[in-house]
There are 2 protein chains.
Amino acid sequence: MNEPMDMEAVLERLKEKGLRLTPQRVEVITLLYQLSHPTAEQVYSLMSKKFPYVSQTTVYSTLKMLKDLGIVNELTYGDRSSHFELTQEEHAHFNCKSCGEIYDVDVKDARQLQHLLHTEQGYQVDFVRLEFYGTCPACAAGGEAGTDSVRTAH
Amino acid sequence: MNEPMDMEAVLERLKEKGLRLTPQRVEVITLLYQLSHPTAEQVYSLMSKKFPYVSQTTVYSTLKMLKDLGIVNELTYGDRSSHFELTQEEHAHFNCKSCGEIYDVDVKDARQLQHLLHTEQGYQVDFVRLEFYGTCPACAAGGEAGTDSVRTAH
DNA sequence: TTACATGCAAATGGTTTGCAACGCA
DNA sequence: TGCGTTGCAAACCATTTGCATGTAA
């Protein structure tokens, strides 16, 4: 499993960008290293123990800043709130419908992963979600024909 | 590419369940066949042309019913609203960051897909999201130890 | 005549924004 | 002194809910 960049490198990255390493920001980052895919609310709740006067605004803005820098990744599911994780390459998530935990799993061989997850690790896979993000051929061709209009398919 | 079940089969499925084939429901289903991964708002907006007095409530409840029956799949992204599609097996999505379109793509060979998407179809893949849903080994072992508490990881 | 559906309006709740106060560079 | 940062409160907005009305079997 790939590891996220270490915390010192993250703090260094912020300094490079001229961003201040406030106690609140350091604590949000620390919690991201300690927790498994927390929601903003979970980060806020735990921060409140050490910083009673911290605001949700600060937690949200810090998470947004880290996301914009590519340091954290936001995971959205069907439920209301997003989950956050430190960016790592080459991994997938296994979401347990029973306990709700989000597990990081290796994805060296994506094709066989679903099968191997079951036979070797005991995960029962009901559903796989695979999303690609990037630029489509039409847009890459310079068409810049982007529209928000609804298009038919099928 | 796998196709979704045809519309007559969907309507038959509702009848089997004792659900009424109201004009509103038939129109929502029809639009799901005509549109590419629409949001609830897009469905509502287009329905309003044919049914001026349709309510958002009906659109949302119909989409939820279809989702509960496994007929439609809900896709959540970082932006606010969910997108809906008729359920199909063995396919992935390519989300164009330039035009915003969501493309269905084949995923016969998930391992090589990212590479093939680029070399054979011209898609530039920046990011792949792969999510598994199911039951983890601990829960499958009958522990039913599910909690909503935050757990540490890494 | 009863259970299911619809639609209006209000509530919900995660997230964002406006703005004044704060504090490091 | 200036600008980035914080935090309170209000706004935002997709979605859900309460409830009265409508409708089909």
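The model shown is predicted, which means the values in this text are computed figures rather than measured ones. Below, chain A is the first sequence line, B the second, and so on; all start at residue 1.
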Atom [atom1] of [X] and atom [atom2] of [N]: how far apart are they, to the nearest Å?
X       : N      : atom1 : atom2 : value
A:Tyr77 : C:dG14 : OH    : P     : 17 Å
B:Tyr60 : C:dG7  : OH    : C1'   : 15 Å
A:Glu74 : C:dG14 : CD    : P     : 14 Å
B:Glu27 : C:dT6  : CD    : C1'   : 16 Å
A:Leu75 : C:dG14 : CG    : P     : 18 Å
B:Leu14 : D:dA24 : CG    : P     : 17 Å
A:Leu21 : C:dG23 : CG    : P     : 18 Å
A:Glu41 : C:dG13 : CD    : C1'   : 11 Å

(message) If we check side chain to side chain contact (heavy atoms under 4.5 Å, CB included) with B:Tyr33, which of these qualifies: B:Leu31, B:Leu35, B:Ile29, B:Thr30?
(response) B:Ile29

(message) With heavy-atom distances below 4.5 Å as the criterion, would you say the side chains of B:Asn73 and B:Leu75 are in contact?
(response) yes

(request) Flag the pair B:Gln42 / B:Thr39 as yes when at least one side-chain heavy-atom distance between them is below 4.5 Å, and no otherwise. (result) yes

(message) Measuring from the side chain of B:Val54 (C-beta onward, heavy atoms only), which nucleotide among D:dT15, C:dG7, D:dT6 has the closest atom?
(response) C:dG7

(request) Compare the minimum distances between each of D:dT5, C:dC4, C:dC8 and the side chain of B:Arg20, then state the nucleotide with the smallest one. (result) C:dC4

(request) For B:Arg80 and for B:Ser61, find the nucleotide of DNA chain C with the closest heavy atom, then tell me which residue's nucleotide is more 5'. (result) B:Ser61

Using a cut-off of less than 4.0 Å, is there contact between a side-chain N or O of [X] and OP1 or OP2 of [N]?
X       : N      : result
B:Arg25 : C:dA5  : yes
B:Tyr53 : C:dG7  : no
A:Ser82 : C:dT15 : yes
A:Thr57 : D:dG7  : no
A:Gln56 : D:dT6  : no

(message) Around atom CD of B:Glu16, are there more than 12 heavy atoms from other residues, nucleotides or ligands closer than 6.0 Å?
(response) yes

(message) Quick check: on DNA chain D, is the nucleotide nearest A:Thr58 upstream (toward 5') of the one nearest B:Lys64, or the reverse? Name the residue that is more 5'.
(response) A:Thr58

(request) Could you grab the distance from atom CG of A:Leu46 to atom CD of A:Glu41, nearest 0.5 Å is fine? (result) 9.5 Å

